[in-house]
Amino acid sequence: TFGGNPLAAAAALATLHVIERDGLLHNATVVGEHLRAEVDRMAHPLITGSRGAGLLIGIQLSAPVAADVAGELLTRGVIVNPVAPDTIRLAPPLILTTDQADSFIATLGPVLDAVHDAASRGLASAT
């Protein structure tokens, strides 16, 4: 609603400059592709696929346990969004590194195992 505001325009230009200067779009593409490949490679019974562009990624789950997965990840210091009962969304910053993505993958596996085991036992939540 404040289009043309000189301060907002200067902030937008500065942001675009940093994105270009630091190669953040390239990083988001490379790390995002790596992250999606690693999620798909997990071949976990709760994962049916992934989708997205760059670092904005949705992980499709085979059961309505997204809230449980998100809650368990949060207890381990990882924030994701349960955007549907069977989908979690990753929206990390554009500066995410491949090592940080791999750390997430290393955390995701045990979380999915715990949630899957809880769901198999008929428990409402793994947390």
Taken in chain and number order and not counting sequence neighbours, the residues that satisfy side-chain contact (heavy atoms from CB on, under 4.5 Å) with Asp113 are His44
**Message:** When you group the ILVMFWY residues by side-chain heavy-atom contacts below 4.5 Å and let the links chain together, are Leu94 and Leu96 in the same group?
**Reply:** no
Review item, side-chain donor-acceptor pairs of residues 47-60, under 3.5 Å, at least two apart:
unit_1	atom_1	unit_2	atom_2	d
Thr48	OG1	Gln60	O	3.3
Ser50	OG	Arg36	NE	3.2
Ser50	OG	Asp40	OD1	3.0
Ser50	OG	Asp40	OD2	3.4
Arg51	NH1	Gln60	OE1	2.8
Gln60	OE1	Thr87	OG1	3.2
Gln60	NE2	Asp86	O	3.4
Gln60	NE2	Asp86	OD1	3.4
Gln60	NE2	Asp86	OD2	2.8

For Pro110 and Ala106 the tightest heavy-atom approach is CD-O, 3.0 Å
Query raised in the report: Between Ser103 (side chain) and Asp99 (backbone), is there a donor-acceptor pair under 3.5 Å?
Result: no
All heavy atoms of Ser62 vs all of Pro45, minimum pair found to be OG-O, 2.8 Å
* Does the side-chain contact (heavy atoms from CB on, under 4.5 Å) test come out yes or no for Leu73 and Leu108, once each step is laid out? -> CA-CA 7 Å; Leu73 283 169; Leu108 182 61; 4.2 Å; yes
Residues at least two apart in sequence or cross-chain that pass side-chain contact (heavy atoms from CB on, under 4.5 Å) with Ala63, listed by chain then number, are Leu46, Val65
So the salt bridge (charged side-chain N to carboxylate O under 4.0 Å, His left out) pairs with at least one residue in residues 8-22 (sequence neighbours excluded) are none
Interatomic distance, CG@Leu25 vs CG@Asn27, rounded to 0.5 Å, equals 9.5 Å
Contacts of Arg76 meeting salt bridge (charged side-chain N to carboxylate O under 4.0 Å, His left out) (sequence neighbours excluded), chain-then-number -> Glu72
Sorted by chain and residue number, the side-chain hydrogen bond (donor to acceptor under 3.5 Å, both in side chains) partners of Thr97 (sequence neighbours excluded) come out as Gln100
Query raised in the report: Does Phe104 reach the side chain of Val80, with side-chain heavy atoms less than 4.5 Å apart?
Result: yes
On a heavy-atom basis, the closest approach of Ala66 and Leu61 is CA-CD1, 3.7 Å
key: Exam field: side chain Asn81 to backbone Val83, donor-acceptor pair closer than 3.5 Å   = no
Leu74 meets the side-chain contact (heavy atoms from CB on, under 4.5 Å) criterion, sequence neighbours left out, with Ile79
Residues passing the side-chain hydrogen bond (donor to acceptor under 3.5 Å, both in side chains) test with His34, sequence neighbours excluded, are Asp102
